[in-house]
Amino acid sequence: MIHEILPVGLLQCNCSIFGDETTREAIVIDPGDEIDDILGILKKHQLRVKAIVITHAHIDHIGGAAKLKSATGAPVYMNSADQELYDNLDVQSSWLGMPRMERTEIDVAAKEGQTVALGDTPFHILETPGHTQGSISIWIPAESKLVAGDTLFRDSIGRTDLPGGDSRKILRSIHTKLLTLPEEAQVIPGHGPNTTIGREKERNPFLS
Ligand SMILES: [Zn+2]
């Protein structure tokens, strides 16, 4: 499995590009910005995008989705509980002093229990609300990797003081959905360095 992590945009959101060596299909998670660079990586590996998956509707994670969709024709997956947040994308860009971003329709409502397959490898959608109401994480058992969006970070957890945030919900999501995964599983957070489930179980000060 090809996996490239590209920090994109002002807030350096980690965009993950997964590619299957046999089918040359790709899944792009959180194309927040810098779509030309993402397209460059896809071209380098000769990949065709099958799905664009959004962990949550904050602009730094979803800002480039419309551009990537128009360049590739791939459907956009997002949890419908974040639709209202997405409808207010212009409010988010004005808070951050960022230019307005182009919007796209959400093609598939990403739900708990749903999978998106890349070749023979299923990517499982986990609903992990708390940072936003519709936050999801993506678990890839065959790779032992979790793409955690802004739910879990190395030594930290997602902020819950923005609209839709809920501090009790994020802790429940992390304890019931994420810390129950294998300890050796690699975690790719929405920002900053990777970690493992075991490390965060042991050392994350917000989870003890
Ligand atoms: Zn966020």
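Counting starts at 1 for both ligands and their atoms, following the listed order. Atoms considered below: every heavy atom in the structure, side chains included; atoms not considered: hydrogens, waters and symmetry mates.
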Review point. Taking the N/O/S atoms of H58 one by one, which is nearest to the Zn ion (ligand 1)?
Key: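 Considering only N, O and S atoms, H58 comes nearest to the Zn ion (ligand 1) through ND1.
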**Study point:** H56 atom (N/O/S) at minimal separation from the Zn ion (ligand 1)
**Key:** NE2
I'd like to know if [X] and [Y] make a salt bridge, using a cut-off of under 4.0 Å between side-chain N and carboxylate O.
{"X": "E183", "Y": "K201", "value": "yes"}
{"X": "E127", "Y": "K177", "value": "no"}
{"X": "D155", "Y": "R199", "value": "yes"}

**Study point:** Metal-centred angle, NE2 of H131 through the Zn ion (ligand 1) to OD2 of D150, rounded to 10 degrees
**Key:**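 It is 90°, given to the nearest 10°.
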Exercise for review: Run the numbers on E105 and K69 for salt bridge (charged side-chain N to carboxylate O under 4.0 Å, His left out), then give the verdict.
Suggested key: CA-CA 10 Å; E105 292 307 308; K69 181 179 165 178; over 6 Å; no
